[in-house]
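Reviewing the structure listed below.
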Amino acid sequence: MQKKGMVYLVGAGPGDPELITVKGKRLLSRAEVVVYDYLANEKLLAHVPPTATFIYAGKKGGSTHTHTQAEINRMLVDYALAGKIVVRLKGGDPFIFGRGGEEIEELAGHGVSFEVVPGVTSASAAATYAGVPITHREFTSSVAFVTGHEDPNKKESRIAWDKLATGAGTLVFYMGIKNLPNITANLIKHGRDPQTPVAVVRWASTPQQRSVVGTLENITEVVRESGITPPALVVVGEVVNLRKTINWYEKRPLFGKKILVTRSRDQASELVQSLEDLGANCLEGATISLQDPPDWAPLDQALANIAAFQWLLFTSPNAVNYFFRRLGTLGLDSRSLHGPKIAVVGTATAECLQMHGIKADLLPEKFTAEGLAETLLAQGVKGKKILLPRALKARNVLPDSLRGAGAEVDVVPVYQNVRPPMEDKIRQALKEGDVDLITFTSSSTVTNLLDLLDLKPEELHSLLAGIKIAAIGPITAATAEKAGLKVDIQPQTHTIPALVTAIAEYFAVSDQV
Ligand code: SAH
């Protein structure tokens, strides 16, 4: 018997990909087909198995629709009847101005099984993220969600403006930007005070959020002047005044800052997440991608002879991860490392090692290769055999100084850095001056970005003019400075959390002056 298909109509939430429900996320992870809208954050697609069929259903106000509503309905029915688990992912809540009802009617008409998962609607998120409590005991005890999309020339409006204007304390208009003059005029005409405060919020709950406030009388002008375009919501009511005290989202330290993160994609997430938690809008422009080394033989030979080593050194979490992956491939585990003592360059590497069940024996005071060399030399390394698994290309400070002190050092590659091509959106953002800060977390992120840009010094200078530079530590900073860049931010400790704090502190000060 054929497997029975199913359609889940899932609310994606307003924009922030963490504002989907737990249930919605779980269903995405089971989807065989996902049909998603313009307003559903694409980051949510990361929850969907890569083997699924992904269909963009489009629908951006004003632009040509990618699929008509009839086509979308047809697709949902066809996939479900073919036995697939289909997730229909819609922005906000599917039943609030989302045409979810129409899609479900179609499914029901064809005998297709379905479930609906509500979502955080954009009205609620826009108000909250603009610092406006949508109700408040002192100001309003009712809210109305209204479509602002009605054709203003329509003779018979389906909105009872006379009742609406003063009938609900807070009014939230979806799709109302084009029609704003008409909406405000209708409300004033039917008795709402022209001085009623109004907030307009674009791309609410995302790093691109922008909001403006005014009154019923002047908001059209304010929106026109600020250049705010859809998607945006219009919140009308006395509660908007509370924004003065409650506006939290836009007051986060890095709100509105566009930050180019040049780390490799698999490593960028911690940095990106921490910066975004502080409100930054991160652009991920990987300048590095990691791969297996060209040859595993040097490591394999060292592992076969591991008992001969007194020290095993790790100078990055990448080295740890690649090393252990190979260990696993060889059918070994951490028990085979019981012989040598193990030293790491810094806390991130130590934590990574801990994930593999091993506590580092030595952590230097200064988290650099020099710091590690110094600490090891102080212990005495003469005649000691030391294994250093690391990137194919790396600085020789550590092995050189250990050898200089009489150690025998085996440097074996466990991964290599390769340079991916530069994405157009990154080049574009830099060209348009749409970047406030670039973060460099290793020397290769600097050299790779510059190689990718491939510019003459004066062109580079003018491209990067006005862009701040943050470097994780002195080596990275020196590489940047040697290339003619001015480093504005450098943390005391060379870790990602310290880098993030230094960036936040820098802007807290520079934005005040
Ligand atoms: N079902 C959706 C609404 C779809 S109608 C929900 O529950 O939110 C589309 C309108 O929603 C847009 O024109 C805009 O007015 C509003 N909208 C959706 N997401 C938004 C966002 N992140 N910021 C501001 N407005 C948004």
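Remember, it's 1-based here, ligands and their atoms both numbered in the order they're listed.
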Atom 2 (C) of ligand 1 - nearest protein heavy atom and its distance
Gly91 O, 3.2 Å
What residue and heavy atom of the protein are closest to atom 9 (C) of ligand 1, and at what distance?
Leu39 CD1, 3.5 Å
Give the C-alpha distance, both sets of side-chain angles, the deciding distance and a yes or no for side-chain contact (heavy atoms from CB on, under 4.5 Å) between Val22 and Arg26.
CA-CA 6 Å; Val22 174; Arg26 179 173 62 80; 5.7 Å; no
Nearest protein heavy atom to atom 10 (C) of ligand 1, by residue and atom, and its distance?
Met175 CG, 3.6 Å
Give me the one residue out of His67, Glu106, Arg99, Glu102 that meets side chain to side chain contact (heavy atoms under 4.5 Å, CB included) with Ile72.
His67
Heavy-atom distances under 4.0 Å decide this one: backbone, side chain, both or neither, for Val201 against ligand 1?
backbone
Among all protein heavy atoms, pick the one closest to atom 11 (O) of ligand 1 and tell me residue, atom and distance.
Tyr174 CD2, 3.6 Å
Tyr249-Trp203 aromatic ring centre distance below 6.0 Å
no
Passing candidate, side chain to side chain contact (heavy atoms under 4.5 Å, CB included) with Phe440, options Leu499, Thr445, Asn448
Thr445
Can you tell me how far apart CZ (Arg30) and CE (Met6) are? Round to the nearest 0.5 Å.
8.5 Å
Tell me the protein heavy atom at minimum distance from atom 16 (C) of ligand 1, and give that distance in Å.
Ser122 OG, 3.5 Å
Could Lys257 and Phe507 be counted as a cation-pi pair, given that NZ or CZ must be under 6.0 Å from the ring centre and within 45° of the axis?
yes
Tyr8 ring center near Phe114 ring center (under 6.0 Å):
no
Show the atoms of ligand 1 that are less than 4.0 angstrom away from any heavy atom in Thr121.
6 (C), 7 (O), 8 (O)
Less than 4.0 Å is my threshold; does some heavy atom of Gly15 fall inside it relative to ligand 1?
no
Which of the numbered atoms in ligand 1 are under 4.0 angstrom from any heavy atom belonging to Pro14?
19 (N), 21 (C), 22 (N)
Name the closest protein heavy atom to atom 21 (C) of ligand 1, giving the residue it belongs to and the distance to 0.1 Å.
Ala204 N, 3.5 Å
How close does the nearest protein non-hydrogen atom get to atom 4 (C) of ligand 1, and which residue and atom is it?
Phe97 O, 3.3 Å
Where is the nearest protein heavy atom to atom 14 (C) of ligand 1: which residue, which atom, and how far?
Ala232 O, 3.5 Å
For atom 3 (C) of ligand 1, tell me which residue out of Leu233, Leu19, Ile96, Val234 has the closest non-hydrogen atom.
Ile96
Between Phe145 and Tyr174, how do the two ring planes meet: parallel, tilted or perpendicular, split at 30° and 60°?
perpendicular
